[in-house]
Amino acid sequence: MACVNTDGTLTQSARSVLGAAREPALPEEIASQTGLPLYRIRSSLRELHDAGLLEAQLDGRYRLTTAGSERIEID
Amino acid sequence: MPEETIAQQPVGLPRLNEPAPAFEAVTTHGTIRLSDYGGSWLILFSHPADFTPVCTTEFIAFAEIYPELQQRGVDLLGLSIDSVYSHIAWMRNIEEKTGVQIPFPIIADLNKEVASLYGMVMPGESKSETVRCIFIIDPKGVVRAMIYYPMSLGRNMQEILRIIDALQTADKHQIATPANWKPGDKVIVPAPKTTEGAQERMKSGYEITDWYLAKKKVEG
């Protein structure tokens, strides 16, 4: 998992992606905000979505779930 | 079906101007799908093995042209039949010994899934390693160029940049590029397909050798 370290904590890039999705955002907007390449953002969004930390909206934007918000606070 | 026919069934290979085979793979940057590169140009390339001399010189060379590729909207994705731990150790070793940081991901294709999809293993060269393949995939996911090099021959980065420039110029201006073309050189106007078109071509303002060979300058 590129978003979660082997000790269970979130990686720096995963925290950046989650932080950029506090307000609903498109993958391209998250890439621009974090400075990470778009392919990494798409890969991370998939992983964070599967982990229940992000949810996908019908308009293609991603936003933090309650679990995602709590996870950012913990990490 | 006779046995020899079964044995000779061709391995599926990507074809020019057809969609690149889709995949999901473990890389040094996490799990990546081909579709994650949608909207960008991608160079998918394979190398025989980590911690080998020719491959090391190539990775340093790929890292050197990476900024130029980024300017052209091109991403790089490497592949070999090694583990992700081997890739990480090799990348760290390259940085430690040469100061060069490898900025792009590398697929750890231990089960040869992607290598098989793209025909990267040439048994005449090696049954267990990928040869030096390059697949240039456009923003729509279509294979636009393929190059295969033997294991003993390190790739020419300037030729890779030239191919990208030629493909992007061709797409932008609907032209073709002559032998040894480089950015700034005149390009070829596609040959007319009718007798009327051939007659009109001779009166055009292009640099004309004959009706079927005409060149012009293009911007960028």
Side-chain angles (χ1 to χ4, degrees), chain A residues 1-22 24-65 67-68 71-72 74-75, chain B residues 20-45 62-63 65-79 83-85 87-89 91-92 101-109 114 135-142 164:
Chain A
M1 297 263 286
C3 293
V4 182
N5 291 311
T6 49
D7 63 2
T9 57
L10 292 173
T11 60
Q12 179 62 49
S13 61
R15 285 202 298 275
S16 300
V17 172
L18 289 176
R22 286 181 196 276
L26 293 167
E28 290 79 3
E29 293 167 342
I30 296 172
S32 165
Q33 203 172 321
T34 59
L36 291 166
L38 187 54
Y39 74 84
R40 276 197 71 176
I41 295 299
R42 287 171 173 158
S43 167
S44 297
L45 290 174
R46 195 161 54 241
E47 198 174 317
L48 294 167
H49 177 266
D50 290 349
L53 304 181
L54 285 178
E55 60 189 10
Q57 298 185 165
L58 289 175
D59 62 2
R61 289 180 164 79
Y62 286 81
R63 63 178 297 165
L64 273 180
T65 60
R71 190 64 188 269
I72 288 185
I74 295 167
D75 281 54
Chain B
F23 60 80
E24 178 177 285
V26 173
T27 81
T28 48
H29 290 188
T31 301
I32 290 178
R33 294 178 183 170
L34 176 64
S35 57
D36 291 336
Y37 291 96
S40 300
W41 288 80
L42 173 66
I43 296 175
L44 171 65
F45 71 97
F62 273 121
I65 65 163
Y66 188 71
E68 290 181 73
L69 290 170
Q70 292 280 283
Q71 283 172 8
R72 292 161 169 81
V74 183
D75 280 311
L76 270 175
L77 177 58
L79 176 149
S83 71
V84 78
Y85 301 111
H87 287 333
I88 292 169
M91 296 302 97
R92 291 173 66 89
Q101 206 169 20
I102 304 301
F104 50 85
I106 312 168
I107 294 174
D109 199 31
V114 181
F135 297 92
I136 298 179
I137 301 169
D138 75 12
K140 292 177 182 167
V142 172
I164 293 287

Quiz item: In terms of heavy-atom contacts, does CD of B/Gln101 have more than 12 from other residues, nucleotides or ligands at under 6.0 Å?
Solution: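 It does not: B/Gln101 CD has 12 such atoms or fewer within range.
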Quiz item: Just wondering, are more than 12 heavy atoms of other shown residues or ligands nearer than 6.0 Å to CZ in B/Arg72?
Solution: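 Yes, enclosed.
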Exercise. Supply the atom-to-atom distance B/Thr27 OG1 to A/Arg40 CZ, rounded to the nearest 0.5 angstrom.
Key: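 That separation rounds to 8.5 Å.
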Quiz prompt | B/Ser40 versus chain A, the contacting section by heavy-atom distance below 4.5 Å | solution =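 Contact with chain A involves no heavy atom of B/Ser40 at all.
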Quiz item: Based on non-hydrogen pairs under 4.5 Å, which of B/Ile32, B/Leu42, B/Leu77 is most in contact with chain A?
Solution: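 Heavy-atom pairs under 4.5 Å are most numerous for B/Ile32.
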Exercise. Give a yes or no on whether the backbone of B/Asp36 and the side-chain of A/Arg46 come within a donor-acceptor separation of less than 3.5 Å.
Key: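 Checking the backbone N and O of B/Asp36 against the side chain of A/Arg46, no donor-acceptor pair under 3.5 Å is found.
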Quiz item: For the residue pair A/Tyr39 and B/His29, what are the closest heavy atoms and their distance?
Solution: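 Reported closest heavy-atom pair: OH-ND1, 2.9 Å.
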Self-check item: Nearest heavy atoms of A/Ala2 and B/Gly30, plus distance in Å
Solution: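 Smallest heavy-atom distance, with atoms named: CB-CA, 3.5 Å.
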